[in-house]
Every structure is written in C-alpha cells, then in structure tokens.
Amino acid sequence: MYTPVTIIGAGLGGLTLARVLHVHGIPSEVYEAESSPTSRLQGGMLDIHDYNGQLALEAAGLMDEFRGIVLEGRQALRVLDFDGSVLFERGDDGTGGRPEAQRGDLRRMLLDSLPAGTVRWGRKVVGARTLGDGRHEVTFADGGTVVTGLLVGADGAWSRVRPLLTDAVPEYSGTSIIETYLYDADTRHTAVAKTVGGGSLFGAGTTAGRSINAHRESGDTLHAYVELTKPLDWFDDIDFADAEAAKGRIAAEFDGWTPELTALITESDGAPIHRPAFALPSGCRWERVPGVTLLGDAAHLALANGEGANLAMLDGAELGKALAARPDDVEAALAEYELAMFVRSETPVQEDFLIESIFGDEVPERLLAMFENAQRKS
C-alpha cells in the first residue's frame, strides 16, 4: 500500500518527483506558492547533462518529450578574454552530452505529464510542524492547513520545510549575479549577437570574481549573467529601478574590457536584475526524521555551477524510485534516498571530467588557469 506524498514546491525537482511517482502509480499532491504556471518567468537556459538530469528524465519516461524542446545549436560555445580575443570556440554538431532547453519549457513538459489537479496553485506555505508518528501539518498563507504522512520539501533556498530537519540556513557567498536581457538581438543588437554566437559565451579577465557570460535563448534573446564578487551591502548603493544608472555602475566595474562584452550590460533592454548568490553550509546533513525529507536547493543549495537543476531533478527521480521500491517501508526508502543524496551533493563533479565535458580534450592553458581560479574561489 503506497503512502500518498505531499510535495511542497512545483519547481523542476518537485515536479520530477511527482511524475516518477505517477509512473509507479503513487498518488501525490504538489502545493505551489505561484498563482499559476505562467505567473512568473521561469529563468533561462539549462544544459541537461547525460550523467544526472537526463537520467532523471529517463526515469520519468520523458526523454522523447525532452528531445522535442531541446534548442538546436545551443551547445555552441565561445570563450573570450577581457580584450575580446577568442580563447576557445566550438560549434554544436549535435553530439554533445549537455543539450540546452529553456527552464520554462522543461517545467511545462513536466506539468503536462501529470494528471490534472496534481498541482495546487496559489498555496504559499508559511510553516510546518511535527504532529508525531511521522505526520506533519503544513500551514498556508491563507490560514488553511494540510496534514500528511509523507512530506517532501522541494521549496528551494528558503524552504519552509527544512526547519523540520535542520537549523541550517543559506549564507551569502560573497558573489552576486546581475542578469540582463537583450531582445531581438540579431536586428537590434547585431554586434553583441555576433559576439555571443549561437550558444553560450564566457568572458573573463585576469581578476577573479568578475565575469560576463551569456546564453542565446529562444526568440532571438540574449540573456547575460554578470558575476561580481562584492559584499552584499555594496549593491545597496545601486538603484536598480534606475536602469541607466544601474547599467552604468555595473559596467564601470569592467573598465578596460572590450565593448564587445560590456555591451551585454550597457545595451540591456530594461534594468539589470540583482541575484545575490546564497548557499547552505557545505556538507549539510540531518538525522532521519520520520515522514519528511528534502530535495534540490531545499536540501543542498550551492553556488551556481550548472548542476543545480540537474541534481534537483535527479533527487526527485531517485526519491520516487526509492518510494516505489519499498511501498511497505517508507522510512527505509527515505533513509536510502537521503544517504545517496548526501553523498551525491557532497561529491563534486571531477574537475577533469567537467572540463572535458564542456570543452573537449584540447583546452588552452589560459582557459585552464581561469577554470582553476574559479574552482579555488568556490
């Protein structure tokens, strides 16, 4: 007899769990704070790796659907030095193991794979408490509650479920990401579009903690991620509501960089968006608490490294498989899942493997030095 599963959070990890449970005939309900699937932009491009994210999609029985939303050509890659010189360039021949798709398309694919009514929209969780015997009560912002015998926190960095298991809270990493968007790039931002190329662009100088990176997304959009290592209060002096002033202040940190790269800041269509990077303490674990667990950022929030969404989806798939394999012993299933998840989240992808998976086996020395710099900083 399967125990119904209550999932908090309709992100990629929570929805992957719901889908794998559905494949195995296990009922679930997903509670999401957003009012609808389209109430908020769902972020940018994601490369879905063949060693984690794609394994999750295979468990969910959605590989054919995934191939249908992959954006062809987006595995192309350019790496520029701060002066605009090309350090590395590779096209997309379709054989890479990291196909790119829009986060929003992935989420929609997962939602479409679930029975109608699985996700309860507009249900913002404000707290959760233990009732005993593996049961928990979840409280929503509207005053409503739900009691469940199996609770999964898939509710991200500021999880309301996490306090049931650990006192750990995310801490500012010292680095922030500034996002910009350039729309209709091939006609309105032609020089920048040529610089980015058909897929991803990495731009870095000789000083650690400063980089300008970008993706070519669907709809002729360039989405840039500008990295700055600064105290959090440094950003308090920037009025991000004043688009031109904010762009000027951020661009000033890249004095001496080629306009081919800084244009991703100065030509932004709209105000830059500040995203402080928070992370949970390394090696965050907890003792087994009956009837509740976490996945994704709720469990192991880390600095952006291309693995977050992939790991969240794999967490969801592995948890779903564990529950399906032990229908009469939920606690054994949760213990098995958590042990593997702890090891997985604490074991970084080997540096050599990561470099080869991104750049192949011919990596310039300057590029290796940049990568090693980034690894030391993280």
Side-chain angles (χ1 to χ4, degrees), residues 12 40-50 53-54 66 69-80 84 86-94 96-109 175-204 210-228 247 250 254 257-258 260-275 277 303-310 312-313 354 357-359 367 370-371 374:
L12 298 181
R40 183 177 66 87
L41 288 175
Q42 292 301 311
M45 297 279 289
L46 294 173
D47 50 338
I48 304 302
H49 310 157
D50 52 11
Q54 290 182 47
F66 171 66
I69 65 171
V70 167
L71 293 174
E72 295 183 5
R74 296 313 197 275
Q75 289 187 83
L77 174 64
R78 304 190 81 210
V79 183
L80 301 187
V86 178
L87 298 174
F88 179 88
E89 189 161 17
R90 182 196 64 210
D92 180 4
D93 63 3
R98 307 163 73 94
E100 302 263 0
Q102 295 279 158
R103 182 186 289 268
D105 291 342
L106 272 169
R107 191 194 200 200
R108 185 162 43 252
M109 178 191 77
T175 294
S176 283
I177 303 299
I178 310 298
E179 293 187 47
T180 66
Y181 289 87
L182 282 67
Y183 302 114
D184 303 317
D186 288 324
T187 53
R188 298 179 56 247
H189 306 281
T190 52
V192 190
K194 183 178 179 181
T195 297
V196 173
S200 297
L201 169 75
F202 297 156
R210 284 181 174 84
S211 66
I212 301 176
N213 311 308
H215 277 136
R216 179 179 286 271
E217 298 186 349
S218 60
D220 196 16
T221 294
L222 301 180
H223 187 179
Y225 303 84
V226 179
E227 177 186 329
L228 279 175
K247 287 188 285 185
I250 298 301
F254 295 87
W257 286 49
T258 178
E260 292 178 308
L261 289 170
T262 57
L264 284 161
I265 305 169
T266 58
E267 293 187 22
S268 174
D269 293 315
I273 303 167
H274 178 211
R275 308 282 192 197
L303 300 185
N305 59 1
E307 300 293 333
N310 285 277
M313 293 167 65
L354 182 58
S357 72
I358 298 174
F359 301 109
L367 209 57
M370 287 165 49
F371 189 85

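The structure presented is a predicted model; accordingly, all values stated were derived computationally and were not measured.
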Just how far is it from atom [atom1] of [X] to atom [atom2] of [Y], taken to the nearest 0.5 Å?
X      : Y      : atom1 : atom2 : answer
Leu222 : Asp186 : CG    : CG    : 7.5 Å
Leu80  : Leu87  : CG    : CG    : 7.0 Å
Leu12  : Met109 : CG    : CE    : 8.5 Å
Leu46  : Glu100 : CG    : CD    : 7.5 Å
Leu261 : Phe254 : CG    : CZ    : 9.5 Å
Thr195 : Leu264 : OG1   : CG    : 7.5 Å

Practice problem: Answer whether the closest heavy-atom distance between the side chains of Arg188 and Glu267 falls below 4.5 Å. | Solution: no

Quiz item: Within a strict 4.5 Å, meaning less than it, do heavy atoms of the Met45 and Gln102 side chains meet?
Solution: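 Met45 vs Gln102: side chains touch.
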
Exercise. Could you tell me how the ring of Tyr225 sits relative to the ring of His215: parallel (under 30°), tilted (30 to 60°) or perpendicular (over 60°)?
Key: perpendicular

Quiz item: Taking Glu260 for the side chain and Ala191 for the main chain, is one N or O donor matched with an acceptor at less than 3.5 Å?
Solution: no

Self-check item: His274 side chain to Pro272 backbone, donor-acceptor under 3.5 Å
Solution: no

Exercise. Could I get the full list of salt bridge (charged side-chain N to carboxylate O under 4.0 Å, His left out) partners for Arg74, not counting sequence neighbours?
Key: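 Salt bridge (charged side-chain N to carboxylate O under 4.0 Å, His left out) check on Arg74 returns nothing, list empty.
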
Quiz item: Is the number of heavy atoms from other residues, nucleotides or ligands under 6.0 Å of Glu72 CD greater than 12?
Solution: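 Atom CD in Glu72 is not crowded, with 12 or fewer foreign heavy atoms closer than 6.0 Å.
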
Quiz item: Closest approach of Ala185 and Ala193, non-hydrogen atoms and distance?
Solution: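 Closest heavy-atom pair between Ala185 and Ala193: O-CB, 3.8 Å.
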
